[in-house]
Participant: 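A single structure is presented below for examination.
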Amino acid sequence: MKITNEIIEKHGLKLDEYKTIQKLLKRNPNILELGIFSAMWNEHCSYKSSRIHLKKLPTKGKKVIQGPGENAGVIDIGDNDAIVFKIESHNHPSYIEPYQGAATGVGGILRDVFTMGARPIALLNSIHFGSTTHPKTKSLLNGVVSGIGGYGNCIGIPTVAGETKFNETYNENILVNAMAVGLAKKNKIFYSKAKGLNKAVVYVGSKTGRDGIHGASMASAEFDENSEEKKPTVQVGDPFTEKLLLEACLELMKDDSIIAIQDMGAAGLTSSSVEMASKGSLGIELELDKVPCREDNMSPYEMMLSESQERMLIILEDGKEHHARKIFEKWDLDFVIIGKTNNSKNLTLKYNNKIEGEIPVEILATKAPIYDRKWVKKKVVQKKIAIKQLKKIKLEDALIKILSSPNHSNKSWVTDQYDQMVMCDTVQKSGSDAAVIRIHNTSKAIAVTVDSSANYCKSFPLTGSKQVVCENWRNLISVGANPIAITNCLNFGNPENKEIMGEFAECIQGIKEACEFLNFPVVSGNVSFYNGTNQKSIFPTPVIGGVGLIPDISKTLNHYFKKENSNILLIGKTFGHIEQSCFLKENFSISEGLPPEINLNNEKNNGETVLQLIRKNLVTSVHDISSGGLLVALSEMSIGSNLGAKIYKPKKLTNKFEYFFGEDQGRYIVEVEKTDLEKVIKMLNDNEVYYENIGKTQAKNFEVESEFNIGVNDLFKINNQWYNNY
Amino acid sequence: MRSSVIVFPGSNCDRDIAVALEKMQFKNQMVWHKETSLPKTDLIVIPGGFSYGDYLRSGAIAGKSLIIDEVIKFAKNGCLILGICNGFQILTETGLLKGTLLRNKNLKFINKDVNIKVLNNKTQFTSKYRINQVLNINIAHNEGNYFTDSKHLQELKNDNLIAFKYCDNKGNTNLESNPNGALDNIAGIFNSKKNILGMMPHPERMVDKFISNDDGVNLFSSLLN
Amino acid sequence: MAKLFQLNLKKNKLKFSVTVTLKKDVLDPQGKVVENTLKSMGMGNLKSIRQGKFFEIEVDENDQKKAEEKVKVMCEKLLVNLIIEDFKITKLI
Amino acid sequence: MAKLFQLNLKKNKLKFSVTVTLKKDVLDPQGKVVENTLKSMGMGNLKSIRQGKFFEIEVDENDQKKAEEKVKVMCEKLLVNLIIEDFKITKLI
Ligand SMILES: Nc1ncnc2c1ncn2[C@@H]1O[C@H](COP(=O)(O)OP(=O)(O)O)[C@@H](O)[C@H]1O
Ligand SMILES: [Mg+2]
């Protein structure tokens, strides 16, 4: 087949990229080789636009066992236990086919985690939909949620936390990010680096079909009106087979049969074999006639580019074949030796004993173009919103409006569709600041959470992304965990646009600053560009997934009020920053101005102090203050507990709306029993933490002094109606 | 007391029930579905979760596995059999329990803590509970909507074969407290000899106060008697 | 004769069956599991099995052509996921 | 002619379709939801809709009668829950 410009373009390659290929190969590639280049050199696999920025992120730390670069990040949680975790996007497939797109997103991230030798113990997700009035939103929401549940429930891993948000910026491009967290033994982590010559390269799992061919290049191109028409073959998830694959892999991992293992994710057989060979500076020869195929007459091209799910590639130690085969056959899975390692440093593809393609691995893996794309700093527009000039509303009505809005409604409509309890180690489910998962058979636990703040990031990427990291950190602190490390999923628009690239660069800068200051390294992540349609990109949406450690499970806390007549303390200073607040957005549709500033010093000091209070058993409930500000956070503490609160109005109040709904950062609410108040205040003073004693818990009613008084039951109803009426 | 937990491909609450049984001092064994004989055992548990992905109908394929013939033999000899969630579905597929489990009426998977009440405490599964005691137990299923013909329903009632019913926290069984549309709020039933119990809620999830509550403990301690 | 026919149509609502199957190259995990199970149950000469959905639809409409058009719209708008599924409409007696 | 026919049968595996529907007196919540959704989408003259399963089964067998018998066994032993479902086998060309 002659390679025309049109064919090159269809493969998502630019003409000058093709020229580079010719130069590197010193010849023209054939169509199979071109397909392989397109799979390896697209944005999704090569990170060509993001690489130089990603390098800035802090990835090292005392607890980091493996940073970015492997299938998932690994951190040390003591006692030879390690936590393996990563987040990944499945945005484009989920928009086209929400159920299967979301399901296979979950399946894919699970494989990333168990390839490393970890048993997955928790799933999280961050899902963003368009406006609730957009005609597609409802069915996308339904499909995505049931797809996430469908996969996780069936394979039997609890889905324990996440976020569900609506914003018209996602009307034509929803976000579906899935995160998986696994538990491994520190001395039994598996990597993808090939070692040794003449070792068997084994294909295990499902058969290869024609599904998802060019899925990876699809994830690297913008949508246009026709993409729904194009009907790319969407993959269908098979959680049952994945469960078998999981058990078989973990069984084989008990001894040292495996030299290297890599799941077949985006760009399937191509990227898995290239990755293993390139990490080990070896060559791999594959005999494609041996690849287990689901359809008749599949060509080498199709086999190499198929993205069929639930497959793995393993390099086996000599003499282990029989043992390994027995395990996979017990689990009714294909097990075929399809090739071997050699020292040629080439990827050699044979079909019927004929070489169909041969490319130096090095070229594929490391010679992909790297772009330092043009970017410009965000022009920040200071704008102070004067509440006095807005229409008059009541404090109570403003609160109700927020609590009943889609973005702040209780998410149990979503989370009731996920099995959160399977594995019986879920100490704290969805609905709390972070989910808490016990390490099986021990008295320690991990805390996990995902966060994002697209509105903040849009108006000021640098501060916005810093804020997301801080909020994540705060959520972990709030349940009593030492934050350890994060994974991140960077959902952005078209990187070829310099404003978008600027958003990306500045968001990375913000994440870097916050992570460095908080000693909260990045151990894994994923970049998803080209989110948007017809030149209209989505708001920059970095999603942060954090993990923390709770050494003693009895010292974990949630945000529900525990007792009547406790003191309610507000920790951290309230300035009343109202721009970019959900108060203005929900009540006045105003979304101008800058997000609240981040003071990393205060953030750290306040958080560490709160953690000390928790560890010393001096507080009975803790909640961080985020979107919605003080009053929303207080209501959430009430709603979950059935206990009310009486909040005093501060004496020198500039504006009550700014005070109650401002979104100043670095703040927490803690509940303190009378007997502990003195000790708590002493510790706060010793640590130079600003606090206010703002009220008391009480039975049944939630009230703000001389403003309003409402039954907790009613608050509950207000907070729980939206989804059921949608 | 010896127990055996049957493991099917794709089972996922097998470990959870094993942990609960061991915690309650059962001597437990896991039995792979391809086995053709069962070890000596006093209790067989068919675990919850999924089996074979439940792609055809929940429990249908597991109901045809090799080990099931043995389970049926043991059942006929009076061995105690507990089917939880998917296990309940499998028991109905094998005919050991009558009726079937249809899709939840809202067509969605439901995971939440619900209240059920004990209707019969004169059985080896429930003797440690009080009659009409309300338990708070986790459910997690897509097909938990119990259905049977009117003749069998009458038989269940007449012979006191309904083990648990969904209810509110005061023990009222009504439409609002029925999470999945089950006939007559039925959450669990016995066979006529009362040596087999099938139930949709997960008692093994309720044996540890750190995780939930311990409302499931008495089911296991009843069995130990 | 023509009149009778018309009358008949008026009395009987039109009834269609719709079968929905996965497109040829799309993975059918359901069918695969069922196939393996049947084979292991001894149904040796089962060649292949694919699973799909089935609908029986009754429409209040006299004109068969129009009715069929309506069923088609239902399929395209809701019942079928055109990305991965094909469908076939058959008139039932 | 008879010979040709036989030959033909040998070459072509026999293919059947099976439709499985819920019995009349069993509630079909899924069908109900689909029906309501379609109606709320403006398909006013939809009368009723019931949802079921569909299988396409290929059997390695020359004799149509025997083949059909086999498909029937598959239905009764696995594919259909006779307590709540009915089924119908149709020979496909
Ligand atoms: N898609 C989802 N999956 C699981 N849990 C979710 C999902 N969406 C929201 N939640 C849960 O709902 C709660 C509220 O979410 P959110 O308001 O984003 O929390 P926070 O402000 O503390 O980050 C959290 O406990 C979160 O884990
Ligand atoms: Mg929070």
Side-chain angles (χ1 to χ4, degrees), chain A residues 119-120 142 145-160 236-248 329-333 412-431 436-438 440-443 445 552-554 556 724, chain B residues 7-23 32-34 47-56 58 61-62 65 84-86 104 106-114 137-143 179-180 201-213 216:
Chain A
R119 177 173 286 282
N142 265 311
V145 169
S146 56
I148 290 171
Y151 209 98
N153 300 343
C154 183
I155 193 168
I157 293 150
T159 303
V160 295
V236 169
D238 183 357
F240 167 56
T241 300
E242 178 122 320
K243 168 74 173 167
L244 303 182
L245 188 60
L246 162 68
E247 295 302 337
E329 283 175 357
K330 170 185 159 196
W331 292 100
D332 297 319
L333 293 165
S412 53
W413 180 91
V414 174
T415 56
D416 282 358
Q417 296 185 53
Y418 304 149
D419 192 341
Q420 303 196 53
M421 282 282 284
V422 62
M423 297 184 92
C424 290
D425 285 310
T426 308
V427 181
Q428 237 171 86
K429 317 185 206 186
S430 279
V436 177
I437 308 294
R438 179 173 59 187
H440 195 61
N441 257 333
T442 72
S443 57
D552 175 0
I553 196 185
S554 68
T556 184
N724 295 325
Chain B
V7 183
F8 297 103
S11 286
N12 64 36
C13 296
D14 48 338
R15 186 190 77 174
D16 300 353
I17 183 71
V19 168
L21 287 166
E22 274 154 25
K23 183 172 175 158
W32 183 237
H33 71 113
K34 278 185 185 158
F50 283 71
S51 52
Y52 294 91
D54 285 332
Y55 288 158
L56 177 66
S58 299
I61 292 179
S65 60
I84 299 166
C85 191
N86 192 236
N104 298 340
N106 70 351
L107 301 181
K108 289 187 165 61
F109 189 95
I110 304 173
N111 175 221
K112 60 177 171 191
D113 292 345
V114 300
I137 296 205
N138 194 256
I139 55 168
H141 56 245
N142 223 330
E143 287 93 10
N180 53 27
H202 284 269
E204 82 280 15
R205 295 183 177 188
M206 321 310 276
V207 294
D208 185 344
K209 281 204 149 157
F210 258 124
I211 298 301
S212 46
N213 62 39

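Throughout, protein chains are lettered first and strands after them, A, B, ... in sequence-line order, and every chain is numbered starting at 1.
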Participant: Where on A:D332 is there a heavy atom nearer than 4.5 Å to chain B: the side chain, the backbone, both, or neither?
Facilitator: side chain
Participant: What part of A:N441 gets closer than 4.5 Å to chain B, counting heavy atoms only: side chain, backbone, both or neither?
Facilitator: neither
Participant: Give me the one residue out of B:N12, B:N142, B:D54 that meets side chain to side chain donor-acceptor pair (under 3.5 Å) with B:N86.
Facilitator: B:D54
Participant: Going by ring-ring contact (aromatic ring centres under 6.0 Å, His included), name the residues that satisfy it together with A:Y151, two or more places apart in sequence or in a different chain.
Facilitator: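 Per chain and number, A:Y151 pairs via ring-ring contact (aromatic ring centres under 6.0 Å, His included) with no residue.
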Participant: Parallel, tilted or perpendicular: which describes the rings of B:Y52 and B:H33, with under 30° parallel and over 60° perpendicular?
Facilitator: perpendicular
Participant: Using a 3.5 Å distance criterion without hydrogens, assess whether the side chain of B:N111 forms a donor-acceptor pair with backbone atoms of B:I139.
Facilitator: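 Answer holds: yes.
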Participant: Does any N or O in the side chain of B:N106 come within less than 3.5 Å of the main-chain N or O of B:K108, such that one atom is a donor and the other an acceptor?
Facilitator: yes
Participant: Could you look at B:S212 and say if it's the side chain, the backbone, both or neither that has a heavy atom under 4.5 Å from chain A?
Facilitator: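 It is the side chain, since no backbone atom gets that close.
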Participant: Measuring heavy-atom distances to chain A, does B:V207 have an atom under 4.5 Å in its side chain, in its backbone, in both, or in neither?
Facilitator: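 When you check distances to chain A, no heavy atom of B:V207 falls under 4.5 Å.
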Participant: Go through the atoms of B:F109 and report whether side chain, backbone, both or neither lie under 4.5 Å from a heavy atom of chain A.
Facilitator: both
Participant: Do A:M423 and A:V160 come within less than 4.5 Å of each other through their side chains, counting heavy atoms only?
Facilitator: no
Participant: Please identify, among A:M421, A:Q420, A:K243, the residue contributing the most non-hydrogen atom pairs under 4.5 Å to chain B.
Facilitator: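 The candidate making the most pairs under 4.5 Å is A:M421.
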Participant: Against chain B, label A:I157 side chain, backbone, both or neither, depending on which of its atoms sit under 4.5 Å from a heavy atom there.
Facilitator: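 Contact with chain B is absent: no heavy atom of A:I157 under 4.5 Å.
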Participant: For chain B, which of A:Q428, A:E242, A:E247, A:K330 has the most heavy-atom pairs under 4.5 Å?
Facilitator: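 Ranked by heavy-atom pairs under 4.5 Å with chain B, first place is A:K330.
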Participant: Side chain from CB out, backbone as N, CA, C, O: work out which of these in A:T556 comes under 4.5 Å of a heavy atom of chain B, or both, or neither.
Facilitator: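 No part of A:T556 comes within 4.5 Å of chain B.
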Participant: Measuring heavy-atom distances to chain A, does B:R205 have an atom under 4.5 Å in its side chain, in its backbone, in both, or in neither?
Facilitator: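 Interface part for B:R205: both.
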Participant: Examine whether an atom of A:I553 lies under 4.5 Å from a heavy atom of chain B, and if so say whether it belongs to the side chain, the backbone or both; otherwise answer neither.
Facilitator: both
Participant: If you tally heavy-atom pairs under 4.5 Å against chain B, which of A:G150, A:P239, A:S146 wins?
Facilitator: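 Highest number of heavy-atom pairs under 4.5 Å: A:P239.
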Participant: I need the B:I211 CD1 to A:I437 CD1 distance, nearest 0.5 Å.
Facilitator: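 Nearest 0.5 Å value for the CD1-CD1 distance: 8.0 Å.
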Participant: Of all residues at least two apart in sequence or in a different chain, which pass the ring-ring contact (aromatic ring centres under 6.0 Å, His included) check with B:F8?
Facilitator: none
